There are 2 protein chains.
Amino acid sequence: MTAPPRKRRKEARPSELLGAALALFVDKGFAATRLEDVASRAGVSKGTLYLYYANKAALFKAVVQEGIVPVIVENEAIAARHTGSSFTLLEMLLHNWWTKIGQTDYAGIPKLIVAEARNFPELAQFYYENVISRARALVGACLRRGMASGEFRQLDMETAIDVVIAPILMLLIWRYSFGCCQQGESDPERYLQIHTELLRQGLRQLENESQV
Amino acid sequence: MTAPPRKRRKEARPSELLGAALALFVDKGFAATRLEDVASRAGVSKGTLYLYYANKAALFKAVVQEGIVPVIVENEAIAARHTGSSFTLLEMLLHNWWTKIGQTDYAGIPKLIVAEARNFPELAQFYYENVISRARALVGACLRRGMASGEFRQLDMETAIDVVIAPILMLLIWRYSFGCCQQGESDPERYLQIHTELLRQGLRQLENESQV
DNA sequence: TAAGTTAATGACTTGTTGGTCATTAACTTA
DNA sequence: TAAGTTAATGACCAACAAGTCATTAACTTA
């Protein structure tokens, strides 16, 4: 038995470790993911992982920071430079989110964080500040814009944000919990299309409606 | 140091253990709940717990069996003897669910099961068969009844069931994850009222609508 | 009240995992 | 090629928790 050769690849380790961590976090959750498994999936030993990330929480934060926060930043840029219909902006934000998060392994993070928020308040806090609050602010700004221009009807802002976000969140949560056990695999694309269509109808300012 | 007196209370143990288990499961989740804590909260030692429940999974199943399944059974009875508007029936089912589950500690179980379904497929299976599938069948029967009588419009059944159930589920999931961290405590009663009102509008068969 | 039954205990075993660190070896440079 | 640097390793430690079982003591019955 001769030990396999060690390769020194300082540059490549972080992204390989983050990729392995994402896959396992999404599959098993935060608490149930073993760092030794993350390391071996990335082709290194456990000790090496600790060379790059101080502890499990730091590893998770790095996954979010590298994978999800950039999409928020992109969306903030899209919103900042957008001119035209507010509903179109909403569609663009949703589309970008779906492409970069919903169609990748990152789609499993929302369920993870909802599942473990209570047991790891530090991570919940981090995610809330860096993802949730910024996403809500983004949707809120879009809705406020549409309400100001008369494109959308006047609604309680927090409730309206919930109405926009909740179905998407629920879709991801379900997919990563009972999704596999359930036989009737509903098409997420179609679900989203229906959701968008409902929003188009529901948000629109009707001609005969009084402005509150 | 004299040991506290042992009391022999065979009859009272199960319900006390289930109460303690519910409180801790809802607070910490399934995996993170320690059986020693359940026992001590119920005022007994860990060994005693194992006298009444074979293992952690059996304890959880008993919590669901004793606390949630009876509400499903009640609702099945309500539906069976109901005459009159299908929407009223839907309201009655929702109201009973809210009173017996939503306003009690059992409200935390849906989040727990969604959070841990993948790591404990045996529990997920149990919950799916005994709660989810029966609840969906109940809502489905109610909707089918309303569609048959012309009270509700014709909708894809699985989607319609989702539309009815998802917002309630989301409300409970959020309350038991980020609920505490979030400042703006939205009133769940008002949320449910809005939900019900949306359903009343959304499900209604309009006069000029074509029957598919 | 003595013997029998069984509810209750808690120390113990077993297995797991986050995190550490002394050692090794790949690579660099003089 | 010899000495120095540092990426990488994996044995190890400490903490924790599920589940077991020999022992204890509360209660019952003859």
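Below, chains carry the letters A, B, ... as their sequence lines are ordered, and counting in each starts from 1. Keep in mind that what you see is a predicted model, and the values were worked out from it rather than measured.
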Visitor: Between B:S177 and A:V114, which heavy-atom pair has the shortest distance, and what is it?
Guide: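 Reported closest heavy-atom pair: CB-O, 3.1 Å.
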
Visitor: Could you state the atom-to-atom distance from CZ of B:R6 to C1' of D:dT24 in whole Å?
Guide: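 So the two atoms are 5 Å apart, to the nearest Å.
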
Visitor: Could you note down all residue pairs passing salt bridge (charged side-chain N to carboxylate O under 4.0 Å, His left out) where residues 118-136 of chain A supplies at least one of them, sequence neighbours left out?
Guide: A:K61-A:E122, A:E76-A:R134, A:R118-B:D27, A:R136-A:E158, A:R136-A:D162

Visitor: CD of B:E11 versus C1' of C:dA8: gap in Å, rounded?
Guide: 15 Å

Visitor: Just checking, is any N or O donor in the side chain of B:E91 or B:T196 under 3.5 Å from an acceptor N or O on the other one?
Guide: no

Visitor: Looking at residues 47-56 of chain B, who's got a heavy atom less than 4.0 Å off DNA chain D?
Guide: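 Heavy-atom contacts with DNA chain D come from B:Y50, B:N55, B:K56.
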
Visitor: Please say whether more than 12 non-hydrogen atoms of neighbouring residues, nucleotides or ligands are located less than 6.0 Å from NZ in A:K28.
Guide: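 Open.
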
Visitor: Which heavy atom of B:V63 sits nearest to which heavy atom of B:Y106, and what is that distance?
Guide: O-CE2, 3.8 Å

Visitor: Calculate the interatomic distance between B:R13 atom CZ and D:dA26 atom P; express it in whole Å.
Guide: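 Interatomic distance, CZ of B:R13 to P of D:dA26: 13 Å.
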
Visitor: Report the stems of DNA chain C as range-with-range entries sorted by first number; a stem here is at least three consecutive pairs, Watson-Crick or G-U wobble, both distances under 3.5 Å, and write none if there are none.
Guide: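 DNA chain C stems, ordered by first number: C:1-30 with D:1-30.
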
Visitor: In terms of relative ring orientation, are B:Y128 and A:F178 parallel, tilted or perpendicular, with 30° and 60° separating the classes?
Guide: tilted

Visitor: Does any N or O in the side chain of B:T33 come within less than 3.5 Å of the main-chain N or O of B:L24, such that one atom is a donor and the other an acceptor?
Guide: yes

Visitor: Which residues, if any, of residues 29-46 of chain B bring a heavy atom under 4.0 Å of DNA chain D?
Guide: B:T33, B:R34, B:L35, B:K46

Visitor: Does a sphere of radius 6.0 Å around CD in B:E74 hold more than 12 heavy atoms from other residues, nucleotides or ligands, not counting ones at 6.0 Å or beyond?
Guide: yes

Visitor: Just the table, please: protein N/O against nucleotides 1-6 of chain D N/O, every pair under 3.5 Å.
Guide:
| unit_1 | atom_1 | unit_2 | atom_2 | d |
| --- | --- | --- | --- | --- |
| D:dT6 | O2 | A:R8 | NH1 | 3.0 |

Visitor: Please identify which of these residues, A:K7, A:R9, A:K10, meets the salt bridge (Lys or Arg N to Asp or Glu O under 4.0 Å) condition with A:E16.
Guide: A:R9

Visitor: Evaluate A:V139 against A:L93 for side chain to side chain contact (heavy atoms under 4.5 Å, CB included), listing each step before the verdict.
Guide: CA-CA 9 Å; A:V139 172; A:L93 297 177; 5.5 Å; no

Visitor: How close do B:V26 and B:G108 get, heavy atom to heavy atom, and via which atoms?
Guide: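 Scanning both residues, the minimum pair turns out to be CG2-CA, 3.8 Å.
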
Visitor: Give me the atom names and distance for the closest heavy-atom approach of B:A32 to A:N119.
Guide: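 Closest approach of B:A32 to A:N119: CB-ND2, 3.7 Å.
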
Visitor: Measuring to OP1 and OP2 of D:dA26, would you say a side-chain N or O of B:R9 lies under 4.0 angstrom away?
Guide: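 No, B:R9 has no side-chain N/O under 4.0 Å of OP1/OP2 on D:dA26.
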
Visitor: Checking side chain to side chain contact (heavy atoms under 4.5 Å, CB included) for the pair B:Y127/B:I68: CA distance, chi angles, key distance, verdict?
Guide: CA-CA 10 Å; B:Y127 193 82; B:I68 297 186; 4.2 Å; yes

Visitor: Kindly state which residues belonging to residues 15-28 of chain A come within less than 4.0 angstrom of DNA chain C, counting heavy atoms of the residue only, listed by number.
Guide: none

Visitor: Could you walk me through whether B:L143 and B:L155 pass the side chain to side chain contact (heavy atoms under 4.5 Å, CB included) check?
Guide: CA-CA 9 Å; B:L143 292 176; B:L155 292 165; over 6 Å; no

Visitor: Do you know which two heavy atoms are closest between A:V164 and A:I168, and how far apart they sit?
Guide: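 That would be O-CD1, 3.7 Å.
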
